[in-house]
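Below: the structure, in structure tokens.
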Number of protein chains: 2
Amino acid sequence: MDNSKEKLKFETYLTDKNLKHTEQRVHIMDIFSSAGKHLTAEEIYLAVRKKHPGIGYATVYRTLKLLCEAGICRELTCEDGIKRYEYQSQDEHHDHLICTKCGVFVEVVDPEIEKLQERLFKLNGFYPERHRMELYGICKKCSK
Amino acid sequence: MDNSKEKLKFETYLTDKNLKHTEQRVHIMDIFSSAGKHLTAEEIYLAVRKKHPGIGYATVYRTLKLLCEAGICRELTCEDGIKRYEYQSQDEHHDHLICTKCGVFVEVVDPEIEKLQERLFKLNGFYPERHRMELYGICKKCSK
DNA sequence: CTTGATATTGAGAATCATATTCAAATAAAG
DNA sequence: CTTTATTTGAATATGATTCTCAATATCAAG
């Protein structure tokens, strides 16, 4: 996966905020392009550790926070109470279908649902900010 | 709020499972009818404490788990990572509109959205189990 | 290439919500 | 009223995440 665009975005963010461009931060960014999405901090920590054995949890958490602020990552608070981080190449919103057996995350968007959600906000006198929708079920593979 | 129906449900549950009908358990049940819904364990603990000063956190958590098992409560994993418990008089499902300023929870259901969610499951080859949808925005009161 | 100012790191300790342990207390069946 | 199994509360443990702080690394300016 080519993540040069996101790398540039991160670099720009760091420069703008007068933050430093460190080896650790780059390693953590790279995990997302190689190891996939929807990773827990622990998964990221273990993955980075393979390339950079000395890294600590604190750095992982700090960098994830930075990546979220930079709009490169999104933090998901899952039902098991553990946060997962998803790499967000674009700014587009999406929701998730999650398999309760294997835990796979599938990203989905349904424009009709989005429209109805807007209606729900309006009907209840709310000014809409964002939403989150998770559909739990059993994926095709697991139901065989 | 009349919670005699739920009380009966809980009593039946306890009897069926050979569990005991204790003062503490009744107090915790009662909180929901007096103090409202979508409470954190801490809020429940503090509320029960007013009537029953000796109660411990352990009992609160244990009882909340029981109430969930009995189908009287539902546990919500919120974005702040803190679980909230909602009293569920009926078995009917609903979603939430949440104000990001005052934190109020409004329960909503949209049959059309529900239908489209089923379609999303099907389209992606998932066997549906449940879902969760949270709409975050600013309520009428707070946007004045 | 040095220097100096500032940001960052990693180890470990702290925190916060929640769960567990265990001896003492209590409910409920006989 | 006794017996037996369950429940309780206090304290301790846990697991995820955050903070502290001294040592280290980055980077701009000389």
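Chain letters run A, B, ... following the sequence lines, proteins first, then strands; residues in each count from 1.
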Taking the inter-plane angle between the rings of A:Y57 and A:Y45 on a 0 to 90° scale, is it parallel (under 30°), tilted (30 to 60°) or perpendicular (over 60°)?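 A:Y57 and A:Y45: parallel rings.
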On the 0 to 90° scale, with breaks at 30° and 60°, tag the B:H96-B:F105 ring pair as parallel, tilted or perpendicular.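 The rings of B:H96 and B:F105 stand perpendicular, inter-plane angle above 60°.
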Between [N] and [X], is there an OP1 or OP2 to side-chain N/O distance shorter than 4.0 Å?
X: A:Y61; N: D:dT17; value: yes
X: B:R62; N: D:dT7; value: no
X: A:T22; N: C:dT9; value: yes
X: B:H21; N: D:dT7; value: no

Nucleotide of C:dA19, C:dG10, C:dT8 approaching A:K20 most closely (side-chain heavy atoms):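 So the side chain of A:K20 is nearest to C:dT8.
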B:K83 side chain: which of C:dT9, C:dA19, C:dG12 is closest?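 Output: C:dA19.
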Base, sugar-phosphate, or nothing: which does B:G54 touch, judged by heavy atoms less than 4.0 Å apart?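 Sugar-phosphate contact only - B:G54 comes under 4.0 Å of backbone atoms but never of a base.
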Mind checking if B:Q24 touches a base, just sugar-phosphate, or nothing, with heavy atoms under 4.0 Å?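 Sugar-phosphate contact only - B:Q24 comes under 4.0 Å of backbone atoms but never of a base.
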Atom-pair distance ([atom1] on [X]; [atom2] on [N]), nearest Å:
X: B:N18; N: D:dA5; atom1: CG; atom2: C1'; value: 9 Å
X: B:L19; N: C:dA29; atom1: CG; atom2: C1'; value: 15 Å
X: A:K65; N: D:dA16; atom1: NZ; atom2: P; value: 18 Å

When you look at OH of B:Y127, are more than 12 heavy atoms from neighbouring residues, nucleotides or ligands closer to it than 6.0 Å?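 Incorrect, the count does not exceed 12.
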